[in-house]
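This report refers to the structure that appears directly beneath it.
Index from 1, following the sequence. Whatever order the structure lists ligands and atoms in, that order sets their numbers, starting from 1.
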Amino acid sequence: MFRLILCLAALTVALAYKNPHYAAGRTTMVHLFEWKWDDIAAECERFLGPRGFGGIQVSPVSENLVLWDFQRPWWERYQPISYRLITRSGNEQQFASMVRRCNNVGVRIYVDAVINHMTGTWRENTGTGGSTANYGQWHYPSVPYGRDDFNYPECVISGSDYFCCADRVRNCQLNGLKDLYQGSEYVRTQIVNFMNHLISLGVAGFRIDAAKHMWPGDLRVIYDRLHNLNTAHGFPSGARPYIYQEVIDLGGEAISRNEYTPLAAVTEFKYGMELSRAFNGNNLLRWFYNWGTAWGLLASGDALNFIDNHDNQRGHGAGGDVLTYKQPKQYKGAIAFMLAHPHGWPQLMSSFAFTNTEAGPPMDSNGNTISPSINSDSSCGNGWVCEHRWRQIFSMVAFRNRVGNTALTNWWDNNSNQISFCRGNQGFVAFNNDYWDLNQTLQTCLPAGSYCDVISGWKSGNSCTGKRITVGSDGRANIVLGANEYDMVLAIHTGTESRL
Ligand code: AAO
């Protein structure tokens with residue numbers, strides 16, 4: 001009996017940090033990479049809230065080193081100089097207002113928490129809020145951190161360390177970034193205070209940057225000292241923050257992601273890599289009939305899934321060949337598959353356009369970020385891609401919300417790259433990544449009726465701007481997806497938006 005209670009207690013703890021606490025009926029978050037807080041607040045109210053998005057991962061919030069030497073690259077935000085909430089995205093008051101406004105329209109905020117290290121360059125030592133540091137002296141007076149708060153003796157992680165030496169990956173410096181010693185009570189307290197301050201402002205959780213480079217035991221202590229989510233922002237009482245840990249584990253390394261899943265959720269890098277491979281034409285879609293743990297993916301509840309992230313879309317981190325906005329037809333295909341498939345919690349990427357992989361967001365000559373403009377067709381301008389505003393993508397967010405937890409049934413394939421499946425009796429999706437057309441009568445599992453395809457168009461009044469699909473009383477419908485069509489996906493679902 002005692003053992004059973006212990007097991008149940010352990011299970012409750014393990015599940016505690018794996019719930020994103022989305023508002024009812026929402027399922028999907030988007031990373032608004034490098035967006036400013038005021039712009040995010042407006043985007044919540046005018047687009048993300050009404051369109052049913054569940055949450056937003058925001059770029060790091062803590063004051064970072066200003067790197068004019070590198071023309072203000074995006075990655076300066078991963079070099080904290082203090083835990084003051086002041087970055088190119090805005091100040092604390094703007095951050096707090098954004099969280100409040102987004103929560104008010106049902107959209108949660110998740111913070112990218114950089115707690116493994118501080119800065120990594122000796123040349124410049126001033127932060128986005130004016131704080132100064134002395135890299136050479138391990139001196140970060142605005143926290144304050146000093147020499148004893150970092151791992152010693154100093155060492156830098158090399159490529160081979162990943163394969164032999166877990167202790168070096170965790171105790172040495174990632175890219176020369178001053179490596180905090182999370183075993184210290186003092187360091188833990190600074191980190192916990194920083195995160196609890198964000199919880200008090202209404203955030204719903206955290207991405208733990210470079211979690212692989214910290215000891216799981218230390219992380220557990222930190223997580224367990226976090227406060228419950230703020231009920232004044234609409235969270236149920238006793239809710240623990242959602243935590244997804246950045247652990248890159250494609251197999252064969254000294255550190256396994258299985259060391260982190262007992263604590264909280266983990267980023268699933270295999271997800272986007274395998275789907276990118278297939279939608280790039282290097283694997284057949286037919287093989288995805290058993291997509292999930294059979295492929296070595298994390299258990300569904302443990303996985304934060306994505307196609308590309310801010311690192312690998314530009315060749316940093318792991319998984320260099322992932323699809324991005326630069327290959328739109330294949331990319332929209334992979335995203336549609338992710339959103340239609342029940343495995344895991346999906347995260348979308350929303351980028352700024354780039355050719356130089358180091359370049360920061362659109363900015364003026366003073367280094368201030370330029371806001372996205374919104375065009376009359378609802379797309380973005382000023383250098384922002386806004387993948388989340390692509391109809392084929394936001395329509396699939398609505399699809400996922402609609403089908404909820406229904407099972408994947410009626411998998412069909414042509415032994416090649418044409419596939420389709422149902423989600424309960426709520427949704428149906430088909431893909432054609434072959435060089436020839438798809439033209440088949442397929443089981444859609446939907447009630448008889450006339451539906452608008454949400455990929456090629458939308459429902460306008462009583463007509464469809466794109467394809468209209470007629471489902472018979474046996475649930476079957478003729479599905480046509482030409483190889484040369486603009487998109488390779490067709491999706492229909494129940495609900496007022498699509499059923500006529
Ligand atoms: C910048 C400069 C550096 C400079 C440094 C200090 O670029 O030259 O030394 O400042 O001045 C970001 C940028 C960095 C930047 C940093 C700080 O990406 O370029 O450094 O800000 O400004 C590892 C970590 C992972 C990390 C990833 C980039 O494990 O945590 O590297 N991602 C996060 C963030 C990221 C950020 C940081 C961490 C730091 O998302 O944006 O850095 O806060 C293997 C390992 C991985 C390892 C990669 C890359 O992966 O498994 O754990 O990721 O190597 O080192 C195949 C393998 C795969 C392998 C991969 C790459 O795919 O299957 O396992 O190849 O070899």
Ligand 1: protein residues within heavy-atom distance under 4.0 Å: Trp74, Trp75, Tyr78, Gln79, His117, Gly120, Tyr162, Leu174, Asn175, Leu177, Arg207, Asp209, Ala210, Lys212, His213, Glu246, Ile248, Leu250, Glu253, His310, Asp311, His316, Gly317, Ala318, Gly319

Using modelled atom types and a 3.5 Å cut-off, is there a donor and acceptor pairing between side-chain atoms of Gln347 and backbone atoms of Thr28? no

Regarding Tyr78 and His310, do their side chains bring together a donor and an acceptor under 3.5 Å, going by distance alone? yes

Plane angle bin for Phe421 and His341 - parallel if under 30°, tilted between 30 and 60°, otherwise perpendicular: perpendicular

Looking just at side-chain N and O atoms, do Ser371 and Lys36 make a donor-acceptor pair shorter than 3.5 Å? yes

Verdict with reasoning, Lys212 to Glu259, per salt bridge (charged side-chain N to carboxylate O under 4.0 Å, His left out): CA-CA 9 Å; Lys212 179 191 202 170; Glu259 298 170 61; over 6 Å; no

Non-neighbouring partners of Cys164 that pass side chain to side chain contact (heavy atoms under 4.5 Å, CB included), sequence neighbours left out: Asp161

